[in-house]
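Encoded as structure tokens, the structure appears first; notes follow it.
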Amino acid sequence: MIYNTIEQRLRVAVTAVLPDASVDSVLVRPCPEAKFGDYQANALMGLAKERKMNPRQLATSVLEKLDVTDLCDKVDVAGPGFLNFRVKSAAMAAELQEAMAGGPLFLMKAVSPRTVVLDFSSPNVAKPMHVGHIRSTILGECLARAQRLLGHHAITDNHIGDWGTAFGKLLLGWKREVNREALQRDPISEMERIYKSINAACDADEALYEQARLELAKLQAGDAENLAIWREMIALSEVQFDTIYKRLGVKFDHTLGESFYNPRLPEVVQKLVAAGLAKESDGAIKVFFDDVPELKEHPAVIQKSDGAATYTTTDLATLEYRMATWSPDEIVYVTDGRQQQHFKEIFTTFRRWMPDAKVKLTHVWFGSILGEDGKPFKTRSGETVKLAELLDEAEERAFRVVSEKNPTASEEERKEIARIVGLGAVKYADMLPNRQSDYVFSWDKMLAFNGNTAPYLLYAYTRIRGIFRKAQEAGQTPSGGKLALVAPQEIALARHMLNFGLVLQAVVDDCRPNYLCNYLYELAGYFTGFYENCPVLKAAEGVERETRLALCMLTAQVLRQGLEVLGIETTEKM
RNA sequence: GCGCUCGUAGCUCAGUUGGAUAGAGCAACGGAUUUCUAAUCCGUUGGUCGUGGGUUCGAAUCCCGCCGGGCGCACCA
């Protein structure tokens with residue numbers, strides 16, 4: 001480990017005077033209130049409990065031996081046994097100076113990088129992407145970006161739904177009623193129309209349903225005509241996926257859909273049976289979970305009585321493939337919370353199947369998006385909201401606001417600002433709530449300039465950039481000279497910036513981008529306090545101006561970097 | 001019925017996993033502008049953290065009961 005942040009150096013210092021404590025067990029974190037100090041070690045409480053010591057006494061004895069005079073003005077024992085560190089402003093200034101000189105932006109790159117596979121988005125072929133895909137897509141992309149920024153190896157894999165029983169109906173419907181003109185004009189809508197039509201027809205007519213099953217069987221047996229139609233449906237869908245991902249700034253390293261694993265499924269079933277993990281029951285093959293209370297009543301079917309596999313089988317095959325191909329340290333699945341039970345089954349089965357595998361399996365689940373009425377988010381006519389249309393509306397609404405606030409800018413410029421603000425607003429609104437809670441989708445809230453929103457943060461960024469445009473005109477650019485933090489607003493801003501890496505680490509550890517959202521909002525708040533009280537170009541000169549220019553520059557960098565992790569672009573002007 | 005999950009200010013929500021006096025935004029009211037971009041800022045009002053017990057130095061957070069939402073319980077994915 002390389003300890004290059006203040007908080008890390010404090011951890012090392014405290015650990016050094018604690019016999020047989022590891023650095024990992026001594027957490028130092030930002031103080032809850034600035035008036036107490038800058039950093040706080042409160043893990044001593046836990047250690048005291050383990051050792052049956054009085055926590056205040058332990059803290060006092062640590063303090064007696066502790067040598068942090070190079071970093072701190074003073075260290076206090078407070079409350080029931082916290083150690084509060086007041087960091088020297090010179091030590092903070094030194095950190096800023098290092099970052100100004102091109103050092104890492106208040107974060108540590110991982111010394112031993114982990115390989116993390118992220119499975120997210122997973123849209124279905126022949127169907128439009130809708131709001132239901134946005135959280136998975138945006139959360140997954142953000143987690144991948146955060147992992148990479150911290151130096152880890154993130155592998156993104158889009159497990160698209162390109163196989164399964166729906167294709168029997170789709171093939172039958174396609175053969176009966178495909179409209180080539182409509183298909184050319186808007187392939188997704190035409191395929192959606194076909195599916196809805198044939199689905200209704202199958203519900204009404206048992207014989208048709210049987211025909212659909214035959215079409216599926218033919219596809220699975222490798223029938224040339226059905227394969228060709230199936231491939232065409234995939235190709236048409238991929239055009240849609242690519243368009244949306246490009247708009248959202250999302251990239252996948254791999255797109256290995258369900259069909260990719262199809263040839264492996266019989267073998268997976270065989271292996272599970274051979275290992276004694278699955279057994280025949282009512283003509284099907286199932287995995288039982290008698291020792292897992294919440295799964296006891298629900299064995300997982302891995303082969304239906306008609307011989308076909310299920311998505312449980314596919315997911316197990318996928319897991320096996322990912323282990324063999326990438327040997328990841330962790331696999332993260334980003335899906336709706338309604339699939340919790342499914343993933344519990346998958347993970348439980350996998351652990352029995354490969355008990356020696358050290359991989360961490362994480363189901364990162366999220367809640368639903370609700371309309372203003374508190375019910376699942378739908379259009380006025382009750383349809384699911386299509387993602388492409390949602391993004392269009394975001395840009396249109398942002399364009400109206402940009403045009404109102406900034407009527408003199410060219411239409412082209414306003415369009416570009418509206419694109420960044422509109423898409424940013426949607427993404428930010430999606431990542432701001434705790435992912436496990438449902439949230440109410442509100443255009444007015446996400447596009448507001450007050451409060452914790454993307455437009456607010458983007459505006460804060462443009463204000464800083466405005467200072468630099470002025471500074472450049474006046475020939476006042478940062479020279480890399482010595483810095484000194486004096487005003488309380490300068491110190492508060494600097495202190496908060498130093499915590500950027502800690503927050504990113506928390507985002508990665510808990511898979512919660514909302515920590516980063518709140519951090520950036522607070523950063524903007526501290527910057528505002530600084531901006532209102534500390535003139536940069538007007539009154540300041542010498543070291544004072546140099547320091548303030550550096551604070552502006554670094555705040556802008558952290559804001560831009562943080563927004564980039566969230567998948568949000570920045571703009572120079574609004 | 002079983003399981004998962006949630007209940008925090010009038011509204012929408014944070015609360016980094018057990019830490020100090022529970023925080024924002026909106027709404028309401030009162031202020032600040034010939035600006036470093038007012039798409040801004042400052043202030044005031046507002047809470048028995050659903051409820052009753054328990055665990056301990058310490059609970060919104062952990063455990064148990066109850067009340068009330070949401071979701072899941074297919075040989076669909």
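Lettering of chains follows the sequences in order, A, B, ..., and the numbering in each one begins at 1. Bear in mind the structure is a predicted one, so any value in this text is a computation, not a measurement.
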How is A/T462 classified with respect to the nucleic acid when contacts are heavy atoms under 4.0 Å: base, sugar-phosphate, or nothing?
-> base
Would you mind reading off the distance between A/L516 atom CG and B/A14 atom P, rounded to a whole angstrom?
-> 16 Å
Looking across every strand, which nucleic acid part, if any, lies under 4.0 Å from A/T528 by heavy atom: base, sugar-phosphate, or nothing?
-> sugar-phosphate
Hey, is the main chain of A/T310 close enough, under 3.5 Å, to the side chain of A/T313 for a donor-acceptor pair?
-> yes
Between A/E473 and A/K470, is the closest basic N to carboxylate O distance under 4.0 Å?
-> no
Taking the side chain of A/Q436 as its heavy atoms from C-beta onward, which of B/C6, B/C75, B/C41 lies nearest to it?
-> B/C6
Of B/C36, B/U37, B/A20, the nucleotide closest to the side chain of A/F36 is B/A20
Looking at A/D38 and A/R86, does any basic side-chain N land under 4.0 Å from a carboxylate oxygen?
-> yes
NA contact type, A/K127, heavy-atom cut-off 4.0 Å: base, sugar-phosphate, or nothing?
-> nothing
What is the nucleic acid contact for A/N199, judged by heavy atoms within less than 4.0 Å: base, sugar-phosphate only, or nothing?
-> nothing
Nearest listed nucleotide, side chain of A/R469, among B/G15, B/G72, B/U37 = B/U37
Counter-base of B/G68, judged by Watson-Crick or G-U geometry with both distances under 3.5 Å = B/C6
Taking NZ, NE, NH1 and NH2 as the nitrogens, is one of them in A/D373 or A/K375 under 4.0 Å from a carboxylate oxygen of the other?
-> no
Give A/E258 one of three labels, base, sugar-phosphate or nothing, depending on what nucleic acid heavy atoms sit under 4.0 Å from its own.
-> sugar-phosphate
Looking at A/K470, does any N or O in its side chain come under 4.0 Å of the phosphate oxygens OP1/OP2 on B/U37?
-> yes
Please work out if A/Y456 contacts a base, only the sugar-phosphate, or nothing of the nucleic acid, heavy-atom cut-off 4.0 Å.
-> sugar-phosphate
Counting side-chain heavy atoms from CB outward, which of B/A14, B/G23, B/A77 is closest to A/E33?
-> B/G23
A/H342 NE2 to B/C75 P, straight-line distance once rounded to whole Å | 14 Å
Kindly say if A/N450 contacts the phosphate of B/U40, meaning a side-chain N or O under 4.0 Å from OP1 or OP2.
-> yes
Please list, for nucleotides 11-13 of chain B, all pairs of protein and nucleotide N/O atoms separated by less than 3.5 Å.
residue	atom	partner	partner atom	Å
B/U12	O4'	A/K445	NZ	3.3

Any side-chain donor-acceptor pair under 3.5 Å between A/R435 and A/N514?
-> no
Using a 4.0 Å heavy-atom cut-off across all strands, classify A/A78 as base, sugar-phosphate, or nothing.
-> base
Complementary nucleotide for B/C57 - Watson-Crick or wobble, under 3.5 Å | B/G19
Look at the side chain of A/W365 and decide which nucleotide, out of B/G15, B/U5, B/U37, has an atom nearest to it.
-> B/U5
Between A/N42 and A/K304, the residue closer to the 5' end of RNA chain B by nearest nucleotide is A/N42
Among B/A39, B/C41, B/C36, the nucleotide that comes nearest once only the side chain of A/K538 is considered = B/C36
Short heteroatom pairs, N/O only, protein and nucleotides 58-62 of chain B, under 3.5 Å:
residue	atom	partner	partner atom	Å
B/G58	O6	A/K49	NZ	3.1

So which nucleotide from B/G72, B/U37, B/A20 ends up closest to the side chain of A/R338?
-> B/G72
Under the rule syn = chi within 90° of 0, otherwise anti, which is B/U17?
-> syn
Picking from B/U40, B/G25, B/U37, the nucleotide nearest the side-chain atoms of A/Y521 would be B/G25
Could you give the CG-to-C1' distance, from A/D509 to B/U17, as a whole number of Å?
-> 12 Å
From CD of A/E297 across to P of B/G1 the rounded distance in Å is 15 Å
Check each of A/F106, A/Y526, A/F500 against A/Y519 using the ring pair (Phe, Tyr, Trp, His ring centres under 6.0 Å) test, and report the only one that passes.
-> A/F500
Nucleic acid contacts of residues 157-170 of chain A, taken as heavy-atom distances under 4.0 Å to RNA chain B | A/T165
Whole angstrom is fine here: how far is it from CG in A/L502 over to C1' in B/U16?
-> 10 Å
Could you tell me whether A/E372 contacts a base, only the sugar-phosphate backbone, or nothing, with contacts defined as non-hydrogen atoms closer than 4.0 Å?
-> nothing
Is a side-chain donor-acceptor pair under 3.5 Å present for A/D315 with A/Y261?
-> no
With stacking defined as ring centroids separated by under 5.5 Å and planes differing by under 30°, is A/F82 stacked against B/G19?
-> no
Rounded interatomic separation in angstrom, taking CD from A/E522 and C1' from B/G15 | 10 Å
Is a salt bridge present between A/E7 and A/R11, judged by a nitrogen-to-oxygen distance below 4.0 Å?
-> yes
Mind calculating the distance between CZ (A/R56) and P (B/A20) to the nearest angstrom?
-> 16 Å
Among B/U16, B/C36, B/A39, the one nearest A/N406 by side-chain distance = B/A39
May I have the distance from A/E294 (atom CD) to B/G3 (atom P), rounded to whole angstrom?
-> 9 Å
Looking at every strand, decide which applies to A/C511 at a 4.0 Å heavy-atom threshold: base, sugar-phosphate, or nothing.
-> nothing
Geometric cation-pi criterion, A/R264 with A/Y321: 6.0 Å, 45° = no
Distance check: side-chain N/O of A/R463 vs OP1/OP2 of B/C41, anything under 4.0 Å?
-> no
Quote, to the nearest angstrom, the C1' distance that separates B/C2 from B/A59.
-> 30 Å
If each of A/V301 and A/G525 is mapped to the nucleotide of RNA chain B with the nearest heavy atom, which maps nearer the 5' terminus, i.e. the 5' end?
-> A/G525
Salt-bridged, A/E192 to A/K196, with N to O below 4.0 Å?
-> yes
Which listed nucleotide (B/A77, B/C36, B/U17) is nearest to the side chain of A/R29?
-> B/U17
Strictly by modelled atom types, are A/S403 and A/R414 linked by a side-chain donor-acceptor pair under 3.5 Å?
-> yes
